[in-house]
2 protein chains.
Amino acid sequence: MAEPSQTASAKTDSVIDDASAPMRDRMTAYIKSLQLQIVSALESLDQEAPFLHDSWKRTQGGFGTSCVLSKGTVLEKAGVNISVVHGTLPPAAVAQMRVNHQELPQPQDVGKGLPFFAAGLSLVIHPRNPKAPTVHANYRYFEVTKSKTATEGEATNSDEPDEIVSWWFGGGADLTPSYLYEEDCVHFHSTLRDACNSIFPSSADLSSVSLHPPLKKWCDEYFHIPHRGECRGIGGIFFDDLTTAPHPRLSEAANASKPSTAEDIFKFVRACGDAFVPSYLPVLSRRINEPHTEENRRWQLIRRGRYVEFNLVYDRGTKFGLHTPGARIESILMSLPETARWEYMSDMGAEGTEEGTLMEVLKNPKDWV
Amino acid sequence: MAEPSQTASAKTDSVIDDASAPMRDRMTAYIKSLQLQIVSALESLDQEAPFLHDSWKRTQGGFGTSCVLSKGTVLEKAGVNISVVHGTLPPAAVAQMRVNHQELPQPQDVGKGLPFFAAGLSLVIHPRNPKAPTVHANYRYFEVTKSKTATEGEATNSDEPDEIVSWWFGGGADLTPSYLYEEDCVHFHSTLRDACNSIFPSSADLSSVSLHPPLKKWCDEYFHIPHRGECRGIGGIFFDDLTTAPHPRLSEAANASKPSTAEDIFKFVRACGDAFVPSYLPVLSRRINEPHTEENRRWQLIRRGRYVEFNLVYDRGTKFGLHTPGARIESILMSLPETARWEYMSDMGAEGTEEGTLMEVLKNPKDWV
């Protein structure tokens with residue numbers, strides 16, 4: 001991929017850092033820049049297979065750019081996507097969001113719905129080598145607004161920005177190996193932990209305020225496949241509904257010192273997003289030439305079957321997307337692996353085998369750092 | 001597989017036909033006999049790969065037998081399973097079932113729940129050759145009972161049979177080709193139509209009373225993948241909640257002459273079940289040696305991806321199973337193909353190609369007979 005021009009890049013950077021600019025513009029600029037950075041890092045490992053850039057517009061409002069790679073030598077299937085969309089949140093969705101955002105109006109008071117804005121980056125990378133782990137990351141910003149001049153859900157032509165009723169950030173990153181290399185898990189988790197902790201001054205008592213332990217736990221709980229009694233992978237971090245208010249997932253001490261202004265939360269999200277390349281690339285580059293057998297490949301495809309099960313049955317984002325009329329299905333299902341496999345009563349994964357060693361950790365999540 | 005002994009077979013037949021025996025015993029005997037018949041017909045096509053028989057007991061009550069084949073020459077993955085289970089239906093499930101069975105008590109009046117009994121046969125066959133279609137069929141009988149002596153959900157030791165509060169039959173069969181052969185579709189549908197019509201005397205005006213047209217329509221509606229805007233396959237028949245009462249899916253004329261006693265509905269279900277082998281085996285046997293390319297195989301795997309999407313996201317039986325604690329996951333997910341494939345913005349399936357011809361029919365279901 002061509003480098004962005006110096007001017008464009010400098011302009012992007014200045015919006016990201018401009019505390020007076022609307023957060024929707026700053027987050028949009030950030031995910032654009034992060035997408036370029038991640039794609040360029042991945043291309044450095046697989047120079048013969050450049051990502052295809054596929055930009056799209058949403059009729060109902062918004063745009064996106066999918067950077068997709070298939071049939072790479074190193075990467076079997078990879079997508080690094082951004083989407084910046086706006087539209088109307090129907091009353092049923094408002095009702096659901098009120099559970100965590102009580103400042104939202106009652107669903108019966110919103111007419112046909114409330115305007116929303118969402119900007120996010122979402123990536124999934126399935127490497128070819130069975131010894132190299134799959135990775136997923138997603139960082140997103142959500143706003144619900146109240147049009148200043150419109151009433152009862154009618155559109156307005158005013159250029160004045162909408163009044164923000166509610167906003168929050170969500171995101172995370174998690175690793176899904178088919179074979180367990182403890183040093184890979186430790187590297188991935190310690191990089192994310194350091195990013196989480198980077199927002200605190202070096203004098204802070206991290207043992208009580210660090211967001212890493214609760215976000216690691218949240219990740220293990222979210223990427224869980226109840227019908228299999230196992231996690232999808234070895235975890236990472238996961239968070240949602242991060243805003244000024246204290247978060248029920250955090251301890252009193254963590255809530256007291258957590259980033260609580262939009263500025264500080266954005267800084268936290270950027271620290272996590274910026275940690276993606278350093279958390280994953282070193283792991284990927286040391287596994288892509290690992291020797292492997294047909295049996296290793298078979299196990300990788302069985303594990304990819306579990307990936308499909310999680311994404312189609314439990315993942316909230318995927319379910320929401322599949323049930324949204326007019327959603328871009330190709331982008332939503334881009335997370336699925338190129339190939340997956342289901343065996344009846346498979347003999348792979350038994351205790352005492354390399355595959356069984358992974359299963360042990362998926363059934364009993366471990367603190368890696 | 002060894003032939004069942006003459007004695008066992010004769011005993012089974014006599015229970016099936018014994019109008020004085022409890023329906024649960026008759027249906028159990030029928031699905032056992034149908035399973036043997038289907039497995040033996042499939043084995044006749046692939047003699048080097050016998051089905052493995054895997055019997056299991058459910059701790060909470062009941063048993064099943066899975067007949068499973070993998071790595072066959074003709075069949076890539078196939079399962080013909082029966083299960084006969086009983087247990088307690090929680091109040092939430094009673095509430096859901098009351099929608100179609102208003103004779104059930106109010107959920108608040110059932111204490112911890114109501115006893116239920118379910119006996120069913122379920123099969124999925126994924127042949128190896130991309131020109132040979134996948135098939136699915138399922139026939140089931142469901143009973144909700146009220147223990148005669150127990151109160152408020154307590155168990156009873158009495159040998160007296162439970163009083164049946166509600167019962168119904170459900171089932172159907174549907175075909176999922178990757179490549180369209182019109183004569184296969186016509187054969188499959190006309191065999192099922194003839195089975196549906198076999199319950200009427202030859203003098204009946206089939207144009208107004210036949211259950212085939214509404215059950216074909218129901219099948220197209222059920223096996224629909226909304227997020228893709230396409231059906232899973234080319235249909236078949238589908239029905240649920242078939243009992244003495246008129247069915248809202250049927251016209252007045254069809255309801256007036258539909259089988260409405262337990263005896264007649266059981267006869268109808270058996271006619272459909274008995275039609276499975278003649279509807280599918282001739283199609284399978286004429287496609288298993290069809291020449292095919294790597295591209296045909298690639299398309300077959302993409303279509304299997306859609307099969308996975310339907311089963312994991314929409315299929316009521318699969319969803320119910322995955323969310324039932326203690327359910328046998330290996331049996332529930334046996335329906336998934338051995339391998340499935342997802343491509344981002346695939347170039348296959350375009351108009352004017354062989355693959356596009358199938359897509360046309362999946363997007364606009366056709367009446368084949």
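Values reported hereafter were calculated over all heavy atoms of this structure, with side chains retained and with hydrogens, waters and symmetry mates removed. Keep in mind that what you see is a predicted model, and the values were worked out from it rather than measured. Chain letters run A, B, ... following the sequence lines, proteins first and then strands; every chain starts at 1.
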Who are the side chain to side chain donor-acceptor pair (under 3.5 Å) partners of A:D315, not counting sequence neighbours?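 Residues passing side chain to side chain donor-acceptor pair (under 3.5 Å) with A:D315: A:Y222, A:T318.
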The criterion is side chain to side chain donor-acceptor pair (under 3.5 Å); which residues satisfy it with A:T176, sequence neighbours excluded?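 Here no residue qualifies.
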Where on B:T339 is there a heavy atom nearer than 4.5 Å to chain A: the side chain, the backbone, both, or neither?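 Its backbone and side chain both get close to chain A.
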Once you round to the nearest 0.5 Å, how far does [atom1] of [X] lie from [atom2] of [Y]?
{"X": "B:L52", "Y": "A:M345", "atom1": "CG", "atom2": "CE", "value": "10.5 Å"}
{"X": "B:E338", "Y": "A:E343", "atom1": "CD", "atom2": "CD", "value": "6.5 Å"}
{"X": "B:K77", "Y": "A:R341", "atom1": "NZ", "atom2": "CZ", "value": "8.5 Å"}
{"X": "A:R328", "Y": "B:H227", "atom1": "CZ", "atom2": "NE2", "value": "14.5 Å"}
{"X": "B:M334", "Y": "A:W342", "atom1": "CE", "atom2": "CH2", "value": "14.0 Å"}

Winner by heavy-atom pair count (cut-off under 4.5 Å) against chain B, out of A:L322, A:V313, A:I332: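 Of the candidates given, the most pairs with chain B belong to A:L322.
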Residue by residue, scan residues 54-66 of chain A and write down, ordered by number, those that have a heavy-atom distance under 4.5 Å to chain B; if none do, write 'none'.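 Under the 4.5 Å heavy-atom cut-off, A:D54, A:S66 qualify.
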Could you list which of residues 292-312 of chain B have a heavy atom closer than 4.5 Å to any heavy atom of chain A, in residue-number order?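 Within residues 292-312 of chain B, the residues that come under 4.5 Å of chain A (heavy atoms only) are B:V308, B:E309, B:L312.
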If we only count heavy atoms from C-beta on, is the B:R228 to A:L333 side-chain gap below 4.5 Å?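 Side-chain contact under 4.5 Å: yes.
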pair A:Y344-B:E330: side-chain heavy atoms closer than 4.5 Å: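 Yes. Closest side-chain heavy atoms under 4.5 Å.
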B:K131, NZ: over 12 other non-hydrogen atoms inside 6.0 angstrom: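 Enclosed.
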